[in-house]
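One structure below.
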Amino acid sequence: MIGPPGAGKGTQAKLLGERLGVPHVSTGDILRAAVAAETPLGRQARRFMDSGRLVPDDVVIGIVDERLRAPDCRRGFILDGFPRTVPQARALDELLAKRGQPLDAVLLIDVPQPALVERLSGRRVCRRCGAMFHTALDGAGACTRCGGELQQRADDREETVLERMEVYARETAPLRDYYARAGLLHAIDGMGTRDEVARRIEASVG
Ligand code: AMP
């Protein structure tokens, strides 16, 4: 699952993983957990993430390689936010070829830039359970699932959002051609409600 920041990759990858009964593997979530736990990986990743830049390819490729070796990935997985560069895509091809488990599909969630900035700047995440909210829809109160405190991701501040958009255009957008040439690309209109987008994904990849 690829797409610009704020396109809804995380939400849709989680839903699709639940529907197909396979794990949702988010490099962003793995990195954020490492940052929160202040592991050596977290300390290394933090300065890239907080400024909206990409964590170096070799670090992220290592994380994915390790995660995909876990037994729960044997029957498949949904990758969310990986790959994000052409070298990562090549490394993923190699890694999956070795496992005899090639990609079935690449879903590109498309949302126009003005909507992305609006979504990201209003996004709030529960500190305790990770549920996501938007100030325009839900206000800025407590988490409606667990009562936890809502906070803004460090990289959702406006100046960082603009940097992330530029990084996306420069580093990640070329993956559209990469996967179109491989015959794997499914472009999905990411505007509308969560359920509308989920139905489009279902219609596109079954
Ligand atoms: P995300 O949750 O997918 O928006 O990712 C949040 C941040 O984690 C990104 O802005 C990057 O700094 C870092 N990150 C996540 N996935 C990758 C990746 N595949 N390559 C490099 N950096 C990544």
Side-chain angles (χ1 to χ4, degrees), residues 1-17 23-68 73 77-96 103 106-111 113 115-127 129-134 151-176 178-179 190:
M1 185 93 61
I2 60 177
K9 297 185 294 293
T11 304
Q12 295 299 332
K14 215 173 285 171
L15 282 176
L16 185 60
H24 155 233
V25 174
S26 155
T27 43
D29 284 352
I30 295 171
L31 289 166
R32 273 185 293 279
V35 169
E38 297 185 9
T39 64
L41 165 67
R43 278 195 286 273
Q44 189 189 2
R46 181 176 194 151
R47 56 200 169 95
F48 295 101
M49 296 173 75
D50 283 356
S51 60
R53 287 174 296 152
L54 293 181
V55 174
D57 286 339
D58 54 339
V59 175
V60 186
I61 291 163
I63 290 174
V64 171
D65 189 11
E66 192 186 322
R67 177 64 185 89
L68 297 189
C73 289
F77 42 82
I78 310 289
L79 285 170
D80 159 17
F82 180 91
R84 255 179 160 99
T85 65
V86 171
Q88 289 181 18
R90 292 208 181 101
L92 179 64
D93 285 344
E94 267 176 41
L95 212 138
L96 295 180
L103 285 178
V106 175
L107 293 160
L108 171 74
I109 318 264
D110 249 339
V111 171
Q113 180 151 342
L116 294 172
V117 175
E118 202 274 326
R119 284 186 188 190
L120 289 172
S121 57
R123 175 160 73 177
R124 297 292 181 273
V125 185
C126 173
R127 282 180 96 103
C129 75
M132 268 191 277
F133 300 90
H134 194 284
Q151 64 175 5
Q152 186 173 41
R153 261 172 58 171
D155 59 351
D156 279 348
R157 295 194 196 99
E158 197 175 335
E159 60 283 10
T160 318
V161 164
L162 296 177
E163 172 67 15
R164 288 164 67 201
M165 298 290 170
E166 281 175 29
V167 168
Y168 179 79
R170 196 171 60 234
E171 309 273 358
T172 311
L175 291 181
R176 186 181 196 125
Y178 183 92
Y179 286 122

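Numbering of ligands and ligand atoms starts at 1, following listing order.
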**Message:** Less than 4.5 Å apart, side chain to side chain, heavy atoms only: is that true for Leu16 and Leu107?
**Reply:** yes
**Request:** Output every pair passing salt bridge (Lys or Arg N to Asp or Glu O under 4.0 Å) with a member in residues 46-57, not counting sequence neighbours, ordered by first then second residue.
**Result:** Arg46-Asp50
List, one per line, each side-chain donor-acceptor pair under 3.5 Å for residues 60-67, sequence neighbours excluded.
| residue | atom | partner | partner atom | Å |
| --- | --- | --- | --- | --- |
| Asp65 | OD1 | Arg69 | NE | 3.4 |
| Asp65 | OD1 | Arg69 | NH2 | 3.1 |
| Asp65 | OD2 | Arg69 | NH2 | 3.1 |
| Arg67 | NH1 | Asp72 | OD1 | 2.9 |
| Arg67 | NH2 | Asp72 | OD2 | 2.8 |

**Prompt:** Is there side-chain contact between Thr39 and Gln44, with at least one heavy-atom pair below 4.5 Å?
**Reply:** no
**Asked** At a 4.0 angstrom heavy-atom cut-off, what protein residues surround ligand 1?
**Response** Thr27, Gly28, Leu31, Arg32, Met49, Arg53, Leu54, Val55, Val60, Gly81, Phe82, Arg84, Gln88, Arg153, Asp155, Arg164
**Asked** Taking only residues at least two apart or on different chains, which pairs with a member in residues 32-42 satisfy salt bridge (Lys or Arg N to Asp or Glu O under 4.0 Å)?
**Response** Asp29-Arg32
**Request:** Give a yes or no answer on whether the side chain of Arg123 reaches the backbone of Gly6 with a donor-acceptor pair at less than 3.5 Å.
**Result:** no
